Amino acid sequence: VRIRWLLVLFAATCGVGYGLASESVGTPAQGRLVDGEQLPYRGPNFRAYSRLGHLLQRTYVHAKVKQTLLDAYAELEKTMPGRTFIYGETGWPRGGRFRPHRTHQNGLSVDFMVPILRKGAPASLACTVFNKWCYAIEFDSAGRAGQDEIDFDAMAAHLLALQTAAGRHGLKIQKVIFDAPLQMPLLRTRHGRSLRMPFLGYAWVRHDEHYHVDFLPLKEKS
Ligand SMILES: [Zn+2]
C-alpha cells in the first residue's frame, strides 16, 4: 500500500512539475478545462493576437497543448526563420462557453492567424480593434488581401510541426478548419504536399484569416 501511495505521489509531482496535469472534460463543443495553463503572450517567433485578449485570459489551453505549440514554434525557428507567427483565441482558464466561438470549451482548440507575405517578404498581420483583432480580415479565393498574401508554405510547415509535436506530447490533431477554396494552394506548396490532416472546409464562419485546430489526447496506457 505504501509503495502504491508513493507511486501516486510521484506521478502527481511529475504531473505538476512538468505542468502536464491539465484535464479536458467533455468535447470542444461542450466541455470544461481543469488546471489549464495560459500561453505566453509572446516568444522569439510568435505572439498572441491581442494584449487585451491575453489579459482577459482568453488564451488558456490544456498543458499538453501549450507544450505542443511551444515545440512547434521552436521547430519553426529553424525551418521558417525570420517570421513572427500569431496565435488567436484559445479558451477560458476553466473552459466552458467561449463567445463568439462555438467550440473552444475544453482547452483543446486553438486558432492561428495565417502567416503572410507582404510584397513577397515575410510579415505579420496587424491585429487591432479595427479589424476585430484580425478576425475581420477578408482574404480572396487566391489568398490575397490588399498587399498581403497568405504564406501557404509557412502555414503548411506550421501544421506539420504541430502534428509532430502533438505526437510527442500524447496528442493528435483531430480536426483542422480552413476555408475550402484556400486548401488547394496550401496543399500544393513544398510543405503542403506532405500534409495529411483531417481538414474541414466549411464552418459557421469563414476560416480564411485563421485556421482552427482541435487536438485530441491519445488514450494513455494503464
Ligand atoms: Zn476556433
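Owing to the predicted nature of the structure, the values given are computational and were not obtained by experimental measurement. Just follow the structure's listing: the first ligand is 1, and inside any ligand the first atom is 1.
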Look at the side chain of Asp71 and the backbone N and O of Thr68, then say whether any donor-acceptor pair between them is shorter than 3.5 Å. no
Parallel, tilted or perpendicular: ring planes of Tyr73 versus Phe112, cut at 30 and 60 degrees: perpendicular
For the Zn ion (ligand 1), find the closest N/O/S atom belonging to His212 and write down its atom name. ND1
Contact check: His101 to the Zn ion (ligand 1), N/O/S below 2.8 Å: no
Carboxylate-amine/guanidinium contact Arg118 Glu149, below 4.0 Å: no
Of His54, His101, His210, His104, which meets side chain to side chain donor-acceptor pair (under 3.5 Å) against Glu89? His101
Indicate if the distance from the Zn ion (ligand 1) to the nearest N, O or S atom of Asp111 falls below 2.8 Å. yes
